Amino acid sequence: RSAGIVGAPFSKGQSRGGVEDGPERIRAAGLQRRLQQLGCAVKDYGNLTFEDMSRDEPMGLLKSVRAVGAANQKLSQAVQAAKEDGHTAVVLGGDHSLAIGSIHGHSAAVGELSVVWVDAHADINTPLTTYTGNIHGQPVSYLLHELRSKVPVLLNFSWLKPCVSAADVVFIGLRDVDPAEHYILKMLGVKTFSMSEVDQLGVARVMEETCDYLSARGKKPIHLSYDIDAIDPSVAPATGTPVVGGLTYREGVYITEHLCQTGLLSAVDLVEVNPLRGQTEEDVRSTVSTAIDLLLGCFGRVREGNHLPDYRLP
Ligand SMILES: N/C(=N\O)NCCC[NH3+]
Ligand SMILES: [Mn+2]
Ligand SMILES: [Mn+2]
Ligand SMILES: [Mn+2]
């Protein structure tokens with residue numbers, strides 16, 4: 001396995017400062033070393049730099065449209081390059097609006113793909129259904145073919161074309177979905193495993209059904225977009241929009257272990273880690289540590305233990 005890490009210190013998809021520090025905190029906690037200890041090759045492409053938009057007046061309710069469009073265009077190119085270099089892309093956020101560029105770039109490299117969206121939220125508001133104007137609550141609507149008519153022309157988004165079919169998306173962890181989002185999910189028949197289903201079925205069955213569902217649609221490369229707020233705030237509190245009743249640490253890691261063993265995992269976003277939203281340093285440490293363990297699960301770490309193929313007892 002080979003990981004291509006792209007840092008995306010971006011926060012303009014939402015209004016809380018600090019999420020731009022996510023990439024550095026995750027790196028500082030040893031992501032590269034831990035991946036290498038698994039025998040994973042690692043290329044760290046560093047952090048993207050995002051130009052300051054002098055003027056970025058709201059477009060209707062939408063906030064920071066120019067900044068979000070420009071940042072995601074850059075990210076799309078970076079992810080496409082990482083994929084063309086043969087890596088599994090690892091995008092470190094930054095807020096979840098980054099999934100627009102990440103998934104677009106992934107699709108530019110591999111063509112049709114499936115998306116597993118692990119999140120307390122559906123992030124499928126359109127520019128006309130959002131009531132906050134924060135684009136990190138809208139990325140899925142910008143990516144779906146079926147919602148193309150619901151996304152108006154936006155400044156700095158001319159590069160973006162919808163690239164995902166609603167039937168190729170699976171949500172896991174939902175527990176804070178707006179009415180308009182719920183309507184869209186039902187209208188499009190999107191496969192969802194809310195926290196009710198996680199409770200009802202258990203995470204093993206959720207993952208079995210997720211993988212059966214995706215393989216029935218052809219074994220496309222999987223894009224895992226993991227919002228750290230899918231994990232319960234008791235474990236991952238340092239995030240912008242915490243919601244009680246989330247995934248346990250064990251459920252969160254099981255999801256990545258299971259997706260890894262499909263052999264189809266092609267790109268991962270790990271977003272919404274916000275060090276400033278922790279009340280204590282332990283809050284931040286726990287959140288960052290969980291983020292790293294989720295990523296390690298994507299690259300073959302299992303809880304029974306791992307050893308390198310060339311290991312020989314002394
Ligand atoms: N973390 C968030 N999305 O994943 N916040 C925005 C969505 C709130 N409805
Ligand atoms: Mn999200
Ligand atoms: Mn990607
Ligand atoms: Mn979320």
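In listed order, ligands and their atoms are each counted from 1. Keep in mind it's a predicted model, so treat the numbers as computed, not measured.
- Residue His96 is tested with Tyr226, Trp117, Tyr142 for a ring-ring contact (aromatic ring centres under 6.0 Å, His included); the sole match is Trp117.
- Annotation for Gln261: atom CD counts as buried by contact number, over 12 foreign heavy atoms lying within 6.0 Å.
- Counting only residues at least two apart or in different chains, salt bridge (Lys or Arg N to Asp or Glu O under 4.0 Å) contacts with residues 176-188 are absent.
- Atom CZ of residue Arg205 and atom CZ of residue Phe193 lie 8.5 Å apart, to the nearest 0.5 angstrom.
- Counting non-hydrogen atoms of neighbouring residues, nucleotides and ligands closer than 6.0 angstrom, the CZ atom of Arg303 exceeds 12 such neighbours.
- Around the CD atom of Glu281, the shell of radius 6.0 Å holds more than 12 heavy atoms that belong to other residues, nucleotides or ligands.
- Contacts of ligand 1 (protein heavy-atom distance under 4.0 Å) are Asp119, His121, Asp123, His136, Gly137, Asp178, Asp227, Asp229, Thr241.
- For a distance threshold of 2.8 Å, the protein N, O or S atoms nearer than that to the Mn ion (ligand 2), listed by chain and number, are His96 ND1, Asp119 OD2, Asp123 OD2, Asp227 OD2.
- Salt-bridge check for Lys220 with Asp168: passed, with a basic side-chain N closer than 4.0 Å to an acidic carboxylate O.
- Under a hydrophobic clustering in which Ile, Leu, Val, Met, Phe, Trp and Tyr are joined whenever their side-chain heavy atoms come within less than 4.5 Å, directly or via other members, Val115 and Met187 fall into the same cluster.
- If you chain together ILVMFWY residues whose side-chain heavy atoms come under 4.5 Å of each other, Tyr131 ends up in a group of its own.
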